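Data block below; observations after.
The model shown is predicted, which means the values in this text are computed figures rather than measured ones. In what follows, every chain begins at residue 1, and chains take the letters A, B, ... in the order their sequences are listed.
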Amino acid sequence: MAWHKKPKTNITKLRILRIFVQLIMFFLLNLGFFSIGATWLVLPINYPKSLYSSSEDAFFLLQRMLTDSIVPLIPLASFFIIGSVFGRLFCAWGCPFGLFQDLIGVLTSRIKKYEPTSETNNSLRQIGEFITGATIIVSTFIGISLSLQNASVVENAFGIFIDQPWAVLSPSVFLFTVIPLLFWWGGIENFFIWEKFVLIDLVFWIRLLIFIFAIILVIYIPKGWCRWFCPAGIIMGQIGKHSILGLGRNISKCTHCGLCEDVCPMGVKILSHKPEKIRSELCTNCLDCMAVCPENALELKFL
Amino acid sequence: MRSNAKAFIVLGLGIICLAIALSPEEVTRFMNMIIDFTKSAKAGIPSP
């Protein structure tokens, strides 16, 4: 049908625009490269502290504050304020690990993608929620233990998880912190100084394995890491499904063609949600559904 | 409870957290922590 052409062009334009915005955000998050140091910006995105970052990842800061026995007011404020107003908007438009996943999606667009069933989605999401909850509980426990006991006893008990438990497992730490430290630290003239490779230890191999798993996951399931395992995404999903900004569906225009569900990178079952607002913990307001709708039945709205 | 009401309750909580966090003592503590954090990252420790 003729109308298929217009949505296809729209969605290509929108995806290019989104990658462009993500690249600008990545540039703004790395102002340290231009000797602009740490800023006050605490964002609910998957971008841990790296060599040149000028912002803070809210979830990593939350862990850090809990393990230091500090009430994590600023990360909580970041999650609550940004999540309640914009939902998971930053996941689609500002997260560097989201950009990495989008780029992998573009590079492997010829490979057949899989859409898991609702049951698989829910089960894997529960694993992510469990990991997020466990990370917060362990971080709190480390903080309390450190303030009550000898630090060396606690360090022996928690081992590699003592600093920030999720940092050991997170593929974004491997991509944005470990790899740049291995290769870029010390300048281009020291690119292959082998002494730097003493940093390779057990934690390195654990991170590498999880990183490879994340890449394979994302090749076959679009935004697989965002959907199920990103702790910031899981927290933002719970807050963001009640956000002020969100997508609504005009039922007088909607023909239930299902194109919106087909293109949704997060696999949201848009047509099964109430039309006035799509309240899904997975929706990142990427607007792919809006761009593809031939009837313009979907719209971004406040309240 | 309507979703909009939930959104405003969470927004209010966020603003309260921010207001407490921006008290002068908290600001100093927070900035010191960020500075320490940046120094340790630049000292070559792989975990952030």
Those residues that, when tested against A:Leu73, pass side-chain contact (heavy atoms from CB on, under 4.5 Å) (two or more places apart)
A:Val71, B:Cys17, B:Ile20, B:Ala21
Could you grab the distance from atom NZ of B:Lys6 to atom CZ of A:Arg279, nearest 0.5 Å is fine?
9.0 Å
Please determine whether the number of non-hydrogen atoms from other residues, nucleotides or ligands lying under 6.0 Å from atom CD1 of A:Ile251 exceeds 12.
no
Sort out for me which of A:Val168, A:Val203, A:Ile70 touches chain B most, counting heavy-atom pairs under 4.5 Å.
A:Ile70
Answer with side chain, backbone, both or neither: which region of B:Ile16 has an atom nearer than 4.5 Å to a non-hydrogen atom of chain A?
neither
Does a sphere of radius 6.0 Å around CZ in A:Phe100 hold more than 12 heavy atoms from other residues, nucleotides or ligands, not counting ones at 6.0 Å or beyond?
yes
Does atom NZ (A:Lys301) have a neighbourhood of more than 12 heavy atoms from anything else shown, all under 6.0 Å?
yes
Check step by step if side-chain contact (heavy atoms from CB on, under 4.5 Å) holds for A:Ile244 and B:Phe8.
CA-CA 8 Å; A:Ile244 296 168; B:Phe8 283 109; 3.8 Å; yes
Take a 6.0 Å sphere around CZ of A:Phe211 and say whether it holds more than 12 heavy atoms from other residues, nucleotides or ligands.
yes
With rounding to the nearest 0.5 Å, note down the distance linking OG in A:Ser84 to CG in B:Leu13.
9.0 Å
Can you sort out the partners of A:Phe90 under ring-ring contact (aromatic ring centres under 6.0 Å, His included), two or more places apart, ordered by chain and number?
none
Non-hydrogen atoms of chain B under 4.5 Å away: do they reach the side chain of A:Asp57, the backbone, both or neither?
neither
At a heavy-atom separation under 4.5 Å, does A:Ile239 approach chain B through its side chain, its backbone, both, or neither?
side chain
